[in-house]
Colleague: 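Structure below; questions to follow.
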Amino acid sequence: MSETIHIETTINGRDRAFEVAANLTLLDVLRDQLGLTGSKECCVVGECGACTVIMDGIPMNSCLMLAVEIDGRDVITVEGLATDGHLNALQQAFLDLSAPQCGFCIPGQLMSAHALLQRNSDPTIDDVNEALGGNLCRCAGYLQITEAVMVAAKAGKE
Ligand code: FES
Ligand code: FES
């Protein structure tokens, strides 16, 4: 049995304090302990980006992190994008442009795109492609995904 460690963190704007097993990944704890199943488990080796969350403004592969690493940090998961049940501009643009096909990669795509728009509200297409370069889409919906990010950026300026 692994040692457990007490951590204090902020997840989706809410202060949380709980025990985590020292050997568990952040992805496992989000999904299995906290019930935040929006972050997807796919390759678990840092190749696909389906598990992307944002820690202190930086997109991270939660499958490659230990959960204890979020102690004292601010974490946003895909569940934190909507407010009071209303999709944010990025989510709405993905929906409007039918960016999700099977949908499996979309939480990770959204988180990488959200981190980009937080640091650059007026990205170029190259900026978007670079920011989402670590997020693979088996359905190859890259054009719609890129377009949706550009639409959301434009909406954010209006
Ligand atoms: S599941 Fe984490 S990068 Fe693929
Ligand atoms: S929408 Fe199916 S993997 Fe991207």
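Read the numbers this way: they start at 1 and go in the same order the structure lists the ligands and their atoms.
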Colleague: Can you establish whether the number of heavy atoms outside E19 located under 6.0 Å from its atom CD is more than 12?
Modeller: yes
Colleague: Partners of T9 by side-chain hydrogen bond (donor to acceptor under 3.5 Å, both in side chains), sequence neighbours excluded?
Modeller: none
Colleague: Of all heavy-atom pairs between L110 and L90, which one has the smallest distance, and what is that distance?
Modeller: O-CD2, 3.5 Å
Colleague: Within the 4.0 Å heavy-atom shell around C137, which atoms of ligand 2 are there?
Modeller: 1 (S), 3 (S), 4 (Fe)
Colleague: Using a 4.0 Å cutoff against the non-hydrogen atoms of G103, which atoms of ligand 2 qualify?
Modeller: 1 (S), 2 (Fe)
Colleague: Which pair of heavy atoms, one from L24 and one from V29, lies closest together, and at what distance?
Modeller: CB-CG2, 3.8 Å
Colleague: Report the protein N/O/S neighbours of atom 4 (Fe) of ligand 1 that fall below 2.8 Å; do not count waters.
Modeller: C43 SG, C48 SG
Colleague: Rounding to 10°, state the angle centred on atom 2 (Fe) of ligand 2 that links SG in C139 with SG in C102.
Modeller: 100°
Colleague: Above 12 or not: heavy atoms from other molecules or residues under 6.0 Å from CD1 of I5?
Modeller: yes
Colleague: What protein heavy atom lies closest to atom 3 (S) of ligand 2? Include the residue and the distance to one decimal.
Modeller: R138 N, 3.2 Å
Colleague: For P107, which of V53, T37, V78 qualifies under side chain to side chain contact (heavy atoms under 4.5 Å, CB included)?
Modeller: V78
Colleague: Less than 3.5 Å apart, any donor N or O on the side chain of Q92 or N88 sitting next to an acceptor on the other?
Modeller: no
Colleague: Quick one: closest heavy-atom pair of A131 and R119, and the distance?
Modeller: CB-NH2, 4.0 Å
Colleague: Give the atom numbers and elements of ligand 2 that come within less than 4.0 Å of a heavy atom of Q101.
Modeller: 1 (S)
